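What follows is a single structure, written as structure tokens, with notes after it.
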Amino acid sequence: MARFSAAIAGRAISLLLFLAVWEAAARLIQNRLFPGAGAVLDTLFYEIVEGKLLHDLAATLLRVAIAFAAAMLAGTVIGIAMGLVRSVDVLFDSWIVLFLNLPALVIAVLLYVWLGLTEAAAITAVALSKLPAVVVTLREGTRALDRDLAGMARSFRLDAWRTLRHVILPQLLPYLLVAARSGLALIWKIVLVVELLGRPDGIGYEIQVFFQLFDIKRLIAYSLAFVAVVLTIEWCILLPLERGLLRWRQ
Amino acid sequence: MAAVSTGITLCIEEKQYPAERGHSAVTAIKGLDARIPPNEFCALFGPSGCGKSTLLNIIAGIDHSFSGSVRFDGDRAPRIGYVFQAPRLLPWRTVRQNLEVVLRRGADPAVVQVLLGDVGLAESADFYPSRLSGGMARRAALARAFAINPDLLLLDEPFVSLDVAAADRLRALLLHLVATRPATVLFVTHDAAEAVMLADRILLLSAAPGRVLDEMRIQIPREQRDQPLIGKLVAELARRGRGSSPT
């Protein structure tokens with residue numbers, strides 16, 4: 001516990017130092033295009049209370065949530081199928097390689113062209129960019145399933161549900177967590193590009209507007225709000241979840 | 001519901017492992033016929049690689065790719081408790097949960113606590129398997145096999161790589177469990193002393209491809225088998241093994 005608070009204190013000091021350096025640099029440079037920490041934080045509070053930051057943040061998060069869920073679900077099913085059935089693997093392996101190497105930007109542009117500048121196109125583009133990585137991770141996890149435990153399950157006549165719940169899913173869990181975390185890291189970046197290209201709201205759209213107006217104060221404020229949300233989800237949901245689910249390893 | 005021990009009639013014509021990646025095909029079992037009557041404690045004794053584990057997997061229904069038949073007495077499929085060479089516990093479930101997972105639908109969950117007490121793991125019931133010693137993990141695996149109230153118990157060298165004292169304690173525990181919960185037992189071992197200590201009957205298997213060379217029945221009750229007698233029986237077993245093999 002003492003080590004934990006020390007770690008928190010260390011992080012707090014490091015963060016304060018960063019803000020101080022930033023503020024000092026801004027005062028030294030004295031340029032409208034390099035606002036200081038204080039000015040940006042002022043703007044941030046103003047935008048939260050008076051502006052539409054919360055609306056944009058919500059729009060972005062909703063897209064992330066839907067795309068994330070869709071990619072995880074489809075990727076898991078396809079990955080397990082490819083890991084289990086050799087012919088499915090042979091059939092789809094080249095597709096996966098192609099999609100892994102296709103830039104997210106290309107997928108977004110093509111979908112906007114084909115489906116119009118719609119919500120569906122945006123979410124599909126984000127989900128498709130993440131999908132192949134999930135498939136590859138889960139395929140690897142499925143291939144690594146323990147044959148001895150499978151034999152145990154069969155000899156004790158465990159039904160399909162119990163085998164899945166007690167034998168298979170716990171083995172796939174670490175792979176699901178890796179897919180979730182690395183996938184989320186990817187989605188955070190892609191969703192902004194997709195919004196910037198073809199959506200009328202969301203953090204990505206606003207950043208484009210601020211870029212055109214050279215409104216750097218707002219641009220940084222919106223980015224900070226976004227980073228704060230990403231880190232909150234990472235630290236308050238993903239990490240505790242991971243610790244709880246993998247408790248048996250300690 | 002009391003367990004009804006089941007007899008088994010084995011008639012394995014051939015079991016082959018197909019060739020793969022530079023290894024040629026291997027015939028593990030060829031022409032193995034045997035009858036194990038209900039309630040018998042039968043040891044399968046033979047050199048390593050003579051298809052003993054393969055035979056257990058065939059009987060357990062894990063391995064279907066063989067020619068021949070495995071018949072159980074009675075109309076319903078027997079409940080089979082399997083103790084593997086490695087304990088094969090689920091690492092992400094506690095000892096108690098490992099037993100609960102295999103319970104049949106409608107089985108009385110109280111049986112888990114009783115069994116854990118019998119094998120001396122009541123205190124460790126909520127440990128994850130990574131915290132168990134080798135001997136404790138074997139005891140947990142033994143308790144799991146008994147948790148389904150088995151008609152047939154398959155044991156695949158369950159006490160190898162334990163120190164002598166721990167293995168002796170586990171053998172005594174196994175005999176106690178079998179005495180209180182009757183079942184037909186098939187016990188695979190390559191340890192002659194272990195075989196003559198435990199079994200009613202020993203089937204001698206040949207080197208691969210495995211078949212039954214000879215059998216040795218031991219009429220003397222287990223509790224009367226002292227060290228000198230065990231020594232004599234081991235010598236007898238060795239003699240028979242030599243006598244019936246071509247080398």
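Note on naming: letters A, B, ... go to the chains in the order of the sequence lines (proteins, then strands), and numbering restarts at 1 for each one. From a predicted model like this one, the values you see are computed outputs, not experimental measurements.
- Contact residues of residues 84-92 of chain B toward chain A are B:Phe84, B:Arg88, B:Leu89, B:Leu90, B:Pro91, B:Trp92 (heavy-atom distance under 4.5 Å).
- The contact list for residues 105-113 of chain B toward chain A, using heavy atoms and a distance under 4.5 Å, reads B:Arg105 by residue number.
- Sorted by first and then second residue, the ring pair (Phe, Tyr, Trp, His ring centres under 6.0 Å) pairs involving residues 154-199 of chain A (not counting sequence neighbours) are A:Trp188-A:Phe226.
- Counting non-hydrogen atoms of other residues, nucleotides and ligands closer than 6.0 Å to OH of A:Tyr112 gives a total above 12.
- Of the listed residues (A:Gly151, A:Ala153, A:Ala150), the greatest number of heavy-atom pairs within a distance under 4.5 Å of chain B belongs to A:Gly151.
- Applying the 6.0 Å contact sphere to CZ of B:Arg104 captures more than 12 heavy atoms from other residues, nucleotides or ligands.
- Counting only distance, with no hydrogens or angles, the side chain of A:Arg162 and the backbone of B:Val101 share a donor-acceptor pair below 3.5 Å.
- No option in B:Val102, B:Ile59, B:Ile62 other than B:Ile62 meets the side chain to side chain contact (heavy atoms under 4.5 Å, CB included) test with A:Ser155.
- Of the listed residues (B:Leu154, B:Leu103, B:Asp63), the greatest number of heavy-atom pairs within a distance under 4.5 Å of chain A belongs to B:Leu103.
- Contact annotation for B:Ile148: only side-chain heavy atoms (C-beta onward) come within less than 4.5 Å of a heavy atom of chain A.
- Near-neighbour residues of residues 128-149 of chain A relative to chain B, defined by a heavy atom under 4.5 Å from a heavy atom of that chain, comprise A:Asp148, A:Leu149.
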